[in-house]
Amino acid sequence: MARRSPPMLRRFFCCAAKSASAAGAGAVAGGTKKKNIVFLGSPQVAAAVLETLLVASDSPDSAFQVVAVVTQPPAAKNRGRKLMPSAVAQLALDRGFPGDLIFTPERAGEEAFLSDLKEVRPELCITAAYGNILPQRFLDIPPYGTVNIHPSLLPLYRGAAPVQRALQEGVAETGVSLAYTVRALDAGPVIACERFDVDEYIKAPELLAILFNIGSKLLLHELPSILDGSAKEKAIPQDDSKATHAPKLNSDESWLSFNQEAKVLHNKVRAFAGWPGTRAKLQLMNQNGEPDVLEIKVISTKVCASCDKTGDGNEVLFSGSSLLIPCSGSSCLEVLELQLPGKKVTAARDFWNGLRGQKLLKSP
């Protein structure tokens with residue numbers, strides 16, 4: 001029996017025994033029993049994958065049904081710090097999914113959770129940006145294994161931030177992989193992958209959404225072979241010697257240093273869009289001719305391969321619709337949008353007009 005959950009979590013994490021018999025009752029037209037799938041995911045990109053699975057499972061000739069959803073516990077959001085369900089939990093509830101089959105364990109190794117998971121008799125588990133490490137006791141439960149949608153071309157960019165780290169490195173191509181989950185991080189055999197050309201202006205949130213959309217379609221295409229077991233035979237083991245890693249982002253990385261090339265900074269702005277964002281310090285000369293530190297959040301940028309630098313090369317100029325910030329070599333970072341502390345995002349032109357002729361310098 002599951003442990004007693006706090007009142008605000010009870011709706012999402014409670015004993016699944018009440019609905020287990022219903023969960024296993026589905027059948028394909030003609031009498032063949034549908035295979036039980038459990039979905040694990042948390043953010044909005046994962047909710048889109050769940051929606052794809054639920055729509056497909058509603059088809060009369062579908063070979064599978066989603067019998068349970070596993071997601072991160074409700075978290076405090078916005079200024080009111082009200083506990084809110086994850087995007088995946090909210091989508092499941094909006095689709096009429098039984099609340100007692102939406103599990104929100106703090107850790108995937110909790111005994112109560114594993115007991116509830118066994119009750120729904122999953123034959124396959126599918127993960128997409130779930131956010132919790134899966135112990136071997138979990139992986140041993142579904143007979144057809146656990147399959148992960150990973151937004152990179154494995155073995156490249158294993159880890160928590162594959163899209164962000166790929167953009168940070170300025171890749172021209174990335175993709176999405178379907179891989180079996182093993183205890184080693186993102187190291188399981190690859191069932192299938194699809195490549196995607198990366199535009200030089202695309203940002204991480206947009207690329208994440210695109211790759212998980214591609215991944216959900218790839219998953220539906222491969223599900224028949226996964227559910228009849230043949231995918232395990234065709235899956236290709238990863239070459240660990242070619243593996244690269246994509247560690248989680250942290251807020252300390254968000255600062256921009258204009259001692260780097262503009263291209264490096266532009267890629268970082270794209271990679272860190274959303275969270276944690278990118279910050280920079282400039283110097284605004286006051287009426288006394290003294291510098292006041294001005295902290296900005298850099299939202300959108302371009303690269304100016306060569307720009308004219310005035311004075312000591314530290315002055316920030318304005319041209320067209322961009323701030324021109326001198327960087328390493330002869331390059332300049334064109335800032336199109338920025339945000340001041342406590343303010344809304346603003347266009348560079350509006351920001352520049354607000355300076356009323358005050359001189360702006362990059363920080364040393």
Side-chain angles (χ1 to χ4, degrees), residues 16 20 23-24 34-43 45-50 52-54 56-57 63-72 86 88 92 101-152 154-155 158-160 162 176-193 211-212 215-238:
K34 290 188 176 185
K35 297 273 197 316
N36 290 344
I37 286 179
V38 170
F39 178 79
L40 298 89
S42 297
V45 289
V49 177
L50 175 59
T52 299
L53 284 171
L54 291 174
S57 69
F64 69 90
Q65 59 185 348
V66 180
V67 296
V69 170
V70 184
T71 188
Q72 293 280 7
S86 73
V88 162
L101 291 175
I102 302 173
F103 303 140
T104 61
E106 293 284 350
R107 293 174 300 279
E110 293 177 6
E111 290 295 342
F113 164 63
L114 292 176
S115 175
D116 284 345
L117 184 65
K118 291 175 182 177
E119 287 282 349
V120 300
R121 300 187 295 277
E123 289 163 277
L124 172 69
C125 289
I126 295 169
T127 60
Y130 171 44
N132 260 343
I133 295 174
L134 302 178
Q136 191 61 48
R137 288 183 302 159
F138 176 101
L139 298 176
D140 289 339
I141 293 174
Y144 290 100
T146 296
V147 172
N148 182 43
I149 300 176
H150 187 78
S152 81
L154 290 170
R158 294 176 179 175
V176 61
S177 303
L178 289 184
Y180 284 105
T181 300
V182 296
R183 284 293 293 133
L185 183 64
D186 298 323
V190 175
I191 301 167
C193 66
L211 292 179
F212 275 103
S216 64
K217 294 175 182 177
L218 189 61
L219 173 66
L220 289 184
H221 182 267
E222 296 295 333
L223 266 178
S225 67
I226 295 171
L227 291 174
D228 69 17
S230 61
K232 285 192 174 180
E233 298 176 6
K234 74 170 186 177
I236 300 174
Q238 295 186 40

Of the non-hydrogen atoms in [X] and [Y], which two are nearest, and what is the gap between them?
X	Y	result
Val182	Gly188	CG2-N, 3.6 Å
Asn132	Ala108	ND2-N, 4.2 Å
Thr104	Gln72	CG2-O, 3.8 Å
Pro105	Val70	CD-CG1, 4.0 Å
Val67	Leu101	O-CD1, 3.3 Å
Gly109	Pro135	CA-CG, 3.7 Å

Whether over 12 other heavy atoms sit under 6.0 Å from [X] [atom1]:
X	atom1	result
Leu185	CG	yes
Lys234	NZ	yes
Lys232	NZ	yes

Margin query: If you apply the rule side chain to side chain contact (heavy atoms under 4.5 Å, CB included), what do you find for Lys118 with Ile141, and how did you get there?
Written below: CA-CA 7 Å; Lys118 291 175 182 177; Ile141 293 174; 3.8 Å; yes
For the backbone of [Y] and the side chain of [X], can you confirm whether one donor and one acceptor N or O come within less than 3.5 Å of each other?
X	Y	value
Arg183	Leu134	yes
Asn148	Thr181	no
Ser86	Thr71	no
Ser177	Ser152	yes
Glu110	Arg107	yes
Lys34	Ser57	yes
Glu222	Ile191	no

**Request:** Evaluate side chain to side chain contact (heavy atoms under 4.5 Å, CB included) for Val49 paired with Phe39, printing each intermediate quantity in order.
**Result:** CA-CA 9 Å; Val49 177; Phe39 178 79; 3.7 Å; yes
Run the side chain to side chain contact (heavy atoms under 4.5 Å, CB included) test on Leu227 and Glu123 for me, step by step, so that the C-alpha distance in whole Å, both residues' side-chain angles and the decisive distance to 0.1 Å come before the verdict. CA-CA 8 Å; Leu227 291 174; Glu123 289 163 277; 5.6 Å; no
With side chain to side chain contact (heavy atoms under 4.5 Å, CB included) as the criterion, how do Leu139 and Gln136 come out once you've worked through the C-alpha distance, each side chain's angles and the decisive distance to 0.1 Å?
CA-CA 5 Å; Leu139 298 176; Gln136 191 61 48; 3.9 Å; yes
If I take atom [atom1] from residue [X] and atom [atom2] from residue [Y], how far apart are they, to the nearest 0.5 angstrom?
X	Y	atom1	atom2	value
Thr52	Ile149	OG1	CD1	8.5 Å
Leu223	His221	CG	NE2	11.0 Å
Tyr144	Tyr180	OH	OH	10.0 Å
Cys193	Leu154	SG	CG	8.5 Å

### Query
What is the ring orientation for Phe113 with Phe138, classed by angle as parallel under 30°, tilted 30 to 60°, or perpendicular over 60°?
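Parallel: the ring planes of Phe113 and Phe138 meet at under 30°.
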Quiz item: Considering the options Leu219, Ile226, Val38, which one meets the side chain to side chain contact (heavy atoms under 4.5 Å, CB included) requirement together with Ile126?
Solution: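 Answer after filtering Leu219, Ile226, Val38: Leu219.
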